[in-house]
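Proteins come first, then strands; the chains are lettered A, B, ... in the order of their sequence lines, and each starts at number 1. Basis for what follows: all heavy atoms, side chains included, without hydrogens, waters or symmetry-related copies.
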Amino acid sequence: MNTLLVILGPTGVGKTELCLNIAEKLYTPIISADSRQLYKALPIGTAAPTAAQQQRVPHYFVGQLELSDYYSASQFEEDVIALLPWLYQDHATVLMAGGSMMYIDAVCNGIDELPTIDENLRKDLLRQYKEEGLEPIRNQLRLLDPDFYHQVDLKNYKRVIHAVEVCLMTGKPYSSLRTNSKKQREFNIIKIGLFRDRDELYKRINLRVDQMMEAGLLEEARNVYPFKGLNALNTVGYKELFSYFEGEYDLNSAIEKIKQNSRIYSRKQMTWFKRDPEITWFHPAEEAKICEHLRNIHHIGI
RNA sequence: GGUGCCAUAGCUCAGUUGGUAGAGCAACGGACUGAAAAUCCGUGUGUCCCUAGUUCGAUUCUUGGUGGCACCA
């Protein structure tokens with residue numbers, strides 16, 4: 001059976017370099033599991049692999065979308081599952097690397113079958129939310145899907161709205177479409193997690209933000225500023241600089257805010273990853289130990 | 001040097017007519033099934049600057065310090 005090796009970890013932990021080395025040893029391309037590196041216009045702020053790094057190892061799902069393109073975890077699942085059989089023709093083991101929790105989950109465990117939401121329906125509900133607040137939409141959900149109404153976080157407008165959308169699209173209660181089950185995949189999955197002590201991680205994150213600024217993040221943000229309403233730009237590193245452009249912060253405060261939000265994001269990632277018992281954890285410097293683990297426990301030829 | 005004001009959570013500050021205190025931000029913990037770098041939820045013990053007094057009881061009033069700010073010399 002073929003194998004999907006997943007290397008994951010919080011932002012700034014040092015995934016890129018380690019993954020390049022391991023991919024070279026395995027002669028495998030890298031499937032990037034990163035919801036923002038997908039976008040062509042955001043290479044600096046998302047710390048996307050550089051042209052030179054992509055020369056070393058071919059990457060999928062990096063820099064291939066326009067900011068206005070719709071994408072989702074489910075789309076990612078579909079795309080990766082379609083791509084893997086092709087890659088498995090030449091590679092027994094394929095590496096997927098990234099930090100987007102839900103994207104990784106979608107590939108490893110699958111997401112329930114749900115309709116793609118009609119753009120106008122979402123717009124209508126969002127407008128209603130803005131004008132009248134969440135209360136009427138909540139009430140709608142109580143009628144359409146009382147079960148889910150009692151489970152959902154009623155203050156989380158995205159969850160409430162999405163449930164209503166699905167009910168309206170399908171004519172069925174959203175909760176009836178949630179199977180709560182894991183999809184069986186046609187390949188083995190090995191999960192390696194990368195961690196660092198918090199002090200060490202925070203230092204790296206802070207330093208990396210400074211490096212991004214030196215590399216031209218400000219200009220990158222300015223170039224995409226006209227599209228700031230797009231979901232792709234609701235992203236750490238951009239939204240703070242947009243606030244700076246609008247005079248809400250001075251530049252230094254904006255940079256501090258980027259560091260802070262990156263730290264918070266890294267913690268949210270760890271909160272998610274920590275509860276996954278399938279992950280075996282290593283420090284990014286422990287490349288030899290990781291290879292040994294892959295050889296001895298999983299019988300990967302590396 | 002003199003006078004006045006201030007000193008409370010990591011930061012900015014509120015408050016206690018004397019019964020040991022609470023907001024915002026930060027920090028930390030958590031949730032997460034087609035927007036996920038999104039979205040949402042939860043957590044507040046801190047020598048109330050120090051000292052001596054008054055008092056059953058002082059962070060609160062009084063004395064004397066220390067530090068900061070402002071004004072006058």
Side-chain angles (χ1 to χ4, degrees), chain A residues 8-12 32-39 42 44-48 65 67-81 98-119 121-123 125-126 129 134 138 148 151-163 165-167 169-170 174-183 198-199 202 205 208-209 212 217 221 229-242 249 253 256-276:
Chain A
L8 52 84
T11 189
S32 163
D34 189 303
S35 68
R36 293 300 190 268
Q37 288 182 5
L38 246 348
Y39 293 95
L42 312 176
I44 298 172
T46 63
L65 295 183
L67 291 173
S68 56
D69 287 340
Y70 174 79
Y71 207 73
S72 68
S74 169
Q75 187 66 244
F76 184 70
E77 173 191 4
E78 199 176 302
D79 290 345
V80 172
I81 295 302
S100 293
M101 302 84 88
M102 197 152 146
Y103 278 40
I104 294 168
D105 246 42
V107 171
C108 295
N109 304 327
I111 288 183
D112 290 330
E113 284 297 314
L114 294 173
T116 297
I117 305 304
D118 179 74
E119 211 177 309
L121 174 60
R122 174 159 292 179
K123 273 189 191 150
L125 283 164
L126 279 174
Y129 170 59
L134 198 51
R138 260 190 231 136
F148 192 69
Q151 293 166 35
V152 73
D153 175 357
L154 287 168
K155 291 184 179 163
N156 189 325
Y157 79 92
K158 289 198 179 189
R159 305 252 165 87
V160 172
I161 287 178
H162 187 241
E165 286 169 345
V166 172
C167 294
M169 292 286 298
T170 60
Y174 175 54
S175 53
S176 72
L177 300 167
R178 283 156 57 97
T179 63
N180 219 350
S181 66
K182 224 169 131 170
K183 278 184 199 161
R198 189 161 285 184
D199 284 358
Y202 281 8
I205 288 173
R208 194 171 70 161
V209 171
M212 284 176 180
L217 179 58
L230 296 169
N231 181 59
L233 292 173
N234 189 351
T235 298
V236 175
Y238 299 89
K239 49 188 178 185
E240 298 86 354
L241 289 174
F242 295 165
Y249 301 130
S253 314
E256 284 311 306
K257 227 36 191 167
I258 295 174
K259 292 176 182 175
Q260 185 185 97
N261 286 333
S262 301
R263 285 183 242 123
I264 290 172
Y265 174 52
S266 75
R267 261 190 277 127
K268 281 196 290 196
Q269 288 173 299
M270 287 307 291
T271 299
W272 180 298
F273 293 142
K274 262 190 302 196
R275 66 172 182 185
D276 184 346

**OP:** For nucleotides B:G67 and B:U43, find the distance between their P atoms and express it as a whole number of Å.
**Re:** 41 Å

Original post:
Between A:Tyr103 and B:A36, is there a side-chain N or O to OP1/OP2 distance below 4.0 Å?
Top reply: yes

Original post:
What nucleotide among B:A31, B:G34, B:U33 has an atom nearest to a side-chain atom of A:Asp112?
Top reply: B:U33

Original post:
Can you find a side chain N or O atom of A:Tyr174 that sits less than 4.0 Å from OP1 or OP2 on B:G34?
Top reply: yes

Original post:
Between A:Leu233 and A:Leu42, is any pair of side-chain heavy atoms under 4.5 Å apart?
Top reply: yes

Original post:
For the side chain of A:Arg275, counting heavy atoms from C-beta on, which of B:G34, B:A31, B:U33 is nearest?
Top reply: B:A31

Scan nucleotides 10-13 of chain B against the protein and return all N/O pairs shorter than 3.5 Å with their distances rounded to 0.1 Å.
none

**OP:** Find which nucleotide of RNA chain B each of A:Lys239 and A:Gly110 is nearest to by heavy atoms, and output the residue with the more 5' nucleotide.
**Re:** A:Gly110

Original post:
Could you give the CE-to-P distance, from A:Met101 to B:A35, as a whole number of Å?
Top reply: 15 Å

**OP:** Answer with base, sugar-phosphate or nothing: what part of the nucleic acid does A:Tyr39 contact at a heavy-atom distance below 4.0 Å?
**Re:** nothing

Original post:
Within the structure shown, what part of the strands sits under 4.0 Å from A:Thr235 by heavy-atom distance: base, sugar-phosphate, or nothing?
Top reply: base

**OP:** Quick one: label A:Gln269 by what it contacts on the DNA or RNA (base, sugar-phosphate, nothing), any heavy atom closer than 4.0 Å.
**Re:** nothing

Subject >> Side chain A:Arg138, main chain A:Lys155, donor-acceptor under 3.5 Å >> reply: no

Original post:
Would you say the side chains of A:Ser262 and A:Arg208 form a donor-acceptor pair under 3.5 Å?
Top reply: no

Original post:
Given the C1' atoms of B:G65 and B:G53, what is the spacing between them in whole Å?
Top reply: 14 Å

**OP:** Ignoring backbone atoms, test whether A:Tyr70 places a side-chain nitrogen or oxygen under 4.0 Å from the OP1 or OP2 oxygen of B:A35.
**Re:** yes

Original post:
Taking C-beta and beyond as the side chain, do A:Tyr70 and A:Glu119 meet within less than 4.5 Å on heavy atoms?
Top reply: no

**OP:** Can you tell me, in whole Å, how much space there is between the P of B:G4 and that of B:U63?
**Re:** 11 Å

Subject >> B:A21 and B:U45, which share atom name C1', separated by this distance in whole Å >> reply: 10 Å

**OP:** Check every atom of B:A36, B:U33, B:G30 against the side chain of A:Asn231 and return the nucleotide holding the closest atom.
**Re:** B:A36

**OP:** Mind checking A:Ser262 for me? I need base, sugar-phosphate or nothing, with any heavy atom below 4.0 Å counting as a touch.
**Re:** nothing

Subject >> Residue closer to the 5' end of RNA chain B, A:Ala47 versus A:Lys155 (nearest nucleotide) >> reply: A:Ala47

**OP:** Starting at atom CG of A:Asp276, determine the distance to atom P of B:G30, rounded to an integer number of angstrom.
**Re:** 15 Å

Original post:
With no hydrogens and no angle check, is any side-chain donor or acceptor of A:Tyr238 less than 3.5 Å from a backbone partner on A:Gly45?
Top reply: yes

**OP:** Looking only at non-hydrogen atoms, find the nearest pair between A:Ala47 and A:Met212 and report the distance.
**Re:** CB-CE, 3.9 Å

Original post:
A:Ile264 has a side chain; which of B:U39, B:A36, B:A27 sits nearest to it?
Top reply: B:A27

Original post:
Hey, is the side chain of A:Arg159 poking within less than 4.0 Å of OP1 or OP2 on B:A36, counting only N and O atoms?
Top reply: no

Original post:
Under the salt bridge (charged side-chain N to carboxylate O under 4.0 Å, His left out) test, which residues partner A:Glu256, sequence neighbours left out?
Top reply: A:Lys259

**OP:** Kindly write out the residues that satisfy salt bridge (charged side-chain N to carboxylate O under 4.0 Å, His left out) with A:Asp69, not counting sequence neighbours, or none if the list is empty.
**Re:** none

Original post:
Which pair of non-hydrogen atoms, one from A:Tyr39 and one from A:Leu67, has the smallest distance, and what is that distance?
Top reply: CD2-CA, 3.7 Å

**OP:** Please examine the side chains of A:Thr170 and A:Leu114, heavy atoms only from C-beta on, and report whether any two atoms are closer than 4.5 Å.
**Re:** no

Original post:
Once you round it to whole Å, what is the distance between P of B:A35 and CZ of A:Arg36?
Top reply: 12 Å

Original post:
Taking atom C1' in both B:A36 and B:A31, what distance in whole Å separates the two?
Top reply: 13 Å

Subject >> Of the listed nucleotides B:A36, B:A35, B:U33, the one nearest the side chain of A:Leu126 >> reply: B:A35

**OP:** Look at all strands and tell whether A:Asn109 reaches a base, only sugar-phosphate, or nothing, counting heavy atoms closer than 4.0 Å.
**Re:** nothing

**OP:** Report which part of the nucleic acid A:Lys274 touches: base, sugar-phosphate, or nothing (heavy-atom distance under 4.0 Å, all strands).
**Re:** sugar-phosphate

**OP:** Not counting sequence neighbours, which residues clear salt bridge (charged side-chain N to carboxylate O under 4.0 Å, His left out) with A:Arg122? List them please.
**Re:** A:Glu165

Subject >> Nearest-angstrom distance from the residue atom OH of A:Tyr157 to C1' of B:C41 >> reply: 16 Å

**OP:** Could you check how far CD of A:Glu77 sits from C1' of B:A36, rounded to whole Å?
**Re:** 15 Å

Original post:
What integer number of Å spans the C1' atoms of B:U3 and B:U20?
Top reply: 34 Å

Subject >> Phosphate OP1/OP2 of B:A27 contacted by A:Arg263 side-chain N/O (<4.0 Å) >> reply: yes

**OP:** For A:Gly45, report the nucleic acid contact type (base, sugar-phosphate, nothing); a contact means any heavy atom under 4.0 Å.
**Re:** base

Original post:
If you measure from the C1' atom in B:C72 to the same atom in B:U47, how many Å do you get, rounded?
Top reply: 36 Å

Original post:
Has the side chain of A:Thr271 got a donor or acceptor that lies under 3.5 Å from a partner of the other kind on the base of B:G30?
Top reply: no

Original post:
Whole-Å distance between B:A36 P and A:Asp153 CG?
Top reply: 18 Å

Original post:
Of the non-hydrogen atoms in A:Thr46 and A:Gln37, which two are nearest, and what is the gap between them?
Top reply: O-NE2, 3.0 Å

**OP:** Indicate the atoms forming the closest heavy-atom contact of A:Gln269 with A:Gly9, along with that distance.
**Re:** NE2-O, 4.0 Å

Subject >> Separation of B:C25 P from A:Lys257 NZ (nearest whole Å) >> reply: 9 Å

**OP:** Select one nucleotide: of B:A36, B:C41, B:U39, the one nearest the side-chain heavy atoms of A:Asn156.
**Re:** B:U39

**OP:** Report the stems of RNA chain B as range-with-range entries sorted by first number; a stem here is at least three consecutive pairs, Watson-Crick or G-U wobble, both distances under 3.5 Å, and write none if there are none.
**Re:** B:1-7 with B:66-72, B:10-13 with B:22-25, B:27-31 with B:39-43

Original post:
Expressed in whole Å, how much space separates the P atoms belonging to B:A7 and B:C32?
Top reply: 46 Å

**OP:** For the side chain of A:Glu113, starting at C-beta, report the closest nucleotide among B:A36, B:C40, B:G34.
**Re:** B:G34

Subject >> salt bridge (charged side-chain N to carboxylate O under 4.0 Å, His left out) against A:Glu113, all qualifying residues, sequence neighbours excluded >> reply: none

**OP:** Look at the side chain of A:His162 and decide which nucleotide, out of B:A27, B:U39, B:G34, has an atom nearest to it.
**Re:** B:G34

Original post:
Would you say the side chain of A:Lys182 and the base of B:U33 hold a donor-acceptor pair, judged only by whether the two atoms sit under 3.5 Å apart?
Top reply: no

**OP:** Starting from C1' on B:G34, measure out to CD on A:Glu165 and report it in whole angstrom.
**Re:** 10 Å

Original post:
Counting any heavy atom closer than 4.0 Å, what does A:Asp34 reach on the DNA or RNA strands: base, sugar-phosphate only, or nothing?
Top reply: base

